[in-house]
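Quick notes on the structure that follows.
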Amino acid sequence: MASTGSQINGASDGNDREQVAYDALVIGAGFGGIRMLYELGKRGLSAKAFEAGSGVGGTWYWNRYPGARTDSESWIYVLTFQEELGLDWDWKERFPTQPEVEQYLNRVTDHLDLRKHIELNTQITAAHWDSTKNVWEVTTSKGKTYTAEFLITATGPLATPLKPPFPGLDSFKGEWYQTGLWPKQKIEFAGKRVAVVGTGATAVQVIPIVAHNAKSLTVFQRTPNFVLPARNYPLTEDQQVALRRDCKSVLARARTQSFGMDMVDATLKSTDLDAEADVQRVLEFGWEIGGFRFIFETFADMLTNPTCNAAAGEFVRNKIRSIVRDKQTAELLCPYYTILSKRPPLGHFYYEAFNRQNVELVDVKNNPIQAVTSTGLRTGTEEYEFDMIIFAVGFDAITGTLAAIDLRGEGNQHLGDQLNRDMSTAYGITTPGFPNLFMVSGPQAPFANIPVIIDNTVDWIGKTISFMGKNGHHRIETKEGLAKYWTEQVEGIFNATVLPEGAKQTHSWYVGGNVPGKPVRPMFYFGGVAPYFAACDKEISDGYPGFMFSDDSTGAVQARL
Ligand code: NAP
């Protein structure tokens with residue numbers, strides 16, 4: 001990537017501007033950071049990314065717990081400029097494992113020669129906007145400082161694992177692990193009494209694996225989940241060839257499907273069917289085909305019609321009752337709220353694991369875990385002894401990682417404080433008061449297959465920076481009006497679904513309900529990716545009416561329209 005002669009730092013604008021070290025600094029080297037570095041380089045900008053891990057991959061570097069794999073189908077869990085990338089890569093399974101995704105991102109990094117632009121083992125601790133110079137001053141955990149005209153956060157939506165929220169952890173004499181910080185060395189379960197705390201998408205992947213090896217496995221469940229069968233399968237050579245051949249149409253489909261998947265949104269409404277048996281037949285199709293197709297390829301009114309949602313919920317409960325032999329355990333595993341008000345996990349023989357003699361389910365909804373003891377866990381009424389405890393208790397999603405950085409914009413405002421007080425962004429990419437800051441997978445971006453959204457966001461950021469370069473602008477600011485409009489969209493659309501009540505009741509992470517004290521509100525746009533992409537495109541084609549640009553370093557702002 002050239003660090004000279006870029007559109008941004010060129011001397012041709014006649015301003016006596018301080019030379020900055022980089023055009024752009026990027027925080028994170030997962031899907032978002034890698035895609036961003038590539039985009040910046042393609043546009044002739046100098047850039048550097050910082051990554052806390054000792055390798056690239058982000059989520060796919062840290063979450064190396066047993067059973068970790070994607071819940072999106074592999075062929076659309078890719079950097080979507082796949083063709084342009086020209087990378088020789090075939091996925092092995094419908095839902096690839098963590099090592100395979102990590103390997104993929106490493107291959108992409110090397111293929112694009114990006115590694116030299118990434119500083120590993122380094123966190124950004126502070127980033128301060130200097131409004132007199134129009135630059136970001138960034139400090140790393142190694143104590144070095146950098147300046148850049150643009151700062152781009154690519155920190156990932158789920159990058160700050162929650163610490164086990166129980167007193168006494170230090171006293172525990174056995175082994176304990178957090179899934180989001182899983183060690184690289186192999187952990188042995190054989191012969192051990194193991195506890196898993198949590199039943200979210202992470203725990204649902206861990207549980208069947210540990211169940212096979214541990215002497216005993218005790219699962220502590222507070223809220224049951226709608227676990228949909230993944231129906232994973234290896235991809236044959238013929239399928240791989242077909243996927244390569246069809247990659248353009250796969251991407252085109254994903255860009256029109258509401259959640260960015262290679263699926264076709266259902267058009268059939270449950271109300272179109274008179275016979276209950278026909279409703280059951282459609283749901284059975286969704287259950288058999290596996291994955292999120294149960295939600296998206298069955299009924300178009302699943303998320304808006306409470307009767308349809310309830311029918312789907314009862315269908316899953318009946319499946320649980322038919323899979324899990326012990327009646328009491330089956331009932332405890334049955335969720336009681338609207339489907340998708342918590343993000344449903346995909347299971348790989350999850351419910352079947354509870355039929356094993358060595359697996360026990362403990363309901364802690366009404367009898368919470370009170371403490372970790374030297375020998376195990378204590379609820380209000382029982383003491384349990386374990387050799388190992390695995391905490392799969394979730395993440396401080398979306399804002400947690402951003403808030404942990406001392407990231408300050410105009411008037412020394414702290415980004416995390418502002419987002420917690422008033423979450424208000426333009427398309428989840430920028431926010432008022434933070435000039436020249438772009439967020440990849442930011443708050444209020446779509447709830448969807450993440451690489452597809454990243455691709456669009458990065459493209460939008462790249463186009464915007466190039467637009468600024470061409471027009472001699474050095475500063476972009478988000479107008480309050482656009483952020484207000486986008487927030488109304490995010491909240492209005494979410495509130496028009498059947499999801500809000502259930503999300504609040506069940507500590508759903510995507511409304512912030514899983515972190516004590518965090519404001520509860522939709523942190524994602526649920527309006528579908530096609531309208532989202534259209535809104536982003538329109539902003540550009542209309543000449544950025546929601547933004548203000550400034551041409552010089554004085555900070556004097558010019559509204560373009
Ligand atoms: P999560 O869905 O937030 O689940 C955390 C679990 O810990 C919940 O079951 C929660 O119970 C439980 N928990 C938290 N505090 C507790 C306490 N004090 N006592 C008892 N239980 C407690 O987190 P996650 O499983 O890590 O998944 C988060 C998201 O990451 C997923 O929804 C998904 O988007 C993503 N993810 C994706 C994949 C994939 O694509 N393959 C895999 C894993 C994760 P409550 O439900 O009662 O709060």
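Note that ligands are numbered from 1 as they come in the structure, with each ligand's atoms numbered from 1 the same way. Positions are given from 1 along the sequence.
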Self-check item: Residues in ring-ring contact (aromatic ring centres under 6.0 Å, His included) contact with F95, at least two apart in sequence or another chain
Solution: none

Quiz item: Which atoms form the tightest heavy-atom contact between W287 and I323, and what is the distance?
Solution: CZ2-CD1, 4.3 Å

Self-check item: Cationic tip of R356 above F354 ring, under 6.0 Å, 45° of axis
Solution: no

Could you go through ligand 1 and note, for every N or O atom, any protein N or O atom closer than 3.5 angstrom, writing the atom names and distance to 0.1 Å, or 'none'?
residue: ligand 1; atom: 7 (O); partner: A392; partner atom: O; Å: 3.2
residue: ligand 1; atom: 9 (O); partner: T199; partner atom: N; Å: 2.8
residue: ligand 1; atom: 9 (O); partner: G200; partner atom: N; Å: 3.4
residue: ligand 1; atom: 25 (O); partner: A201; partner atom: N; Å: 3.0
residue: ligand 1; atom: 25 (O); partner: T202; partner atom: N; Å: 2.9
residue: ligand 1; atom: 25 (O); partner: T202; partner atom: OG1; Å: 3.3
residue: ligand 1; atom: 26 (O); partner: T202; partner atom: OG1; Å: 2.7
residue: ligand 1; atom: 32 (O); partner: W509; partner atom: NE1; Å: 2.7
residue: ligand 1; atom: 34 (O); partner: R343; partner atom: NE; Å: 3.2
residue: ligand 1; atom: 40 (O); partner: D71; partner atom: N; Å: 3.2
residue: ligand 1; atom: 40 (O); partner: R343; partner atom: NH2; Å: 3.2
residue: ligand 1; atom: 41 (N); partner: R69; partner atom: O; Å: 2.4
residue: ligand 1; atom: 41 (N); partner: D71; partner atom: N; Å: 3.2
residue: ligand 1; atom: 41 (N); partner: D71; partner atom: OD1; Å: 3.3
residue: ligand 1; atom: 41 (N); partner: Q205; partner atom: NE2; Å: 3.2
residue: ligand 1; atom: 46 (O); partner: T223; partner atom: OG1; Å: 3.4
residue: ligand 1; atom: 46 (O); partner: K342; partner atom: NZ; Å: 2.8
residue: ligand 1; atom: 47 (O); partner: R222; partner atom: NE; Å: 2.8
residue: ligand 1; atom: 47 (O); partner: T223; partner atom: OG1; Å: 2.5
residue: ligand 1; atom: 47 (O); partner: H507; partner atom: ND1; Å: 3.1
residue: ligand 1; atom: 48 (O); partner: R222; partner atom: NH2; Å: 2.9
residue: ligand 1; atom: 48 (O); partner: H507; partner atom: ND1; Å: 3.1

Quiz item: Can you find a heavy atom in the side chain of D387 that is under 4.5 Å from one in the side chain of V194?
Solution: no

Exercise. Determine whether the aromatic ring centres of Y510 and F526 lie less than 6.0 Å apart.
Key: yes

Exercise. Determine yes or no for a side-chain-to-main-chain donor-acceptor pair under 3.5 angstrom, with Q98 supplying the side chain and N63 the backbone.
Key: no

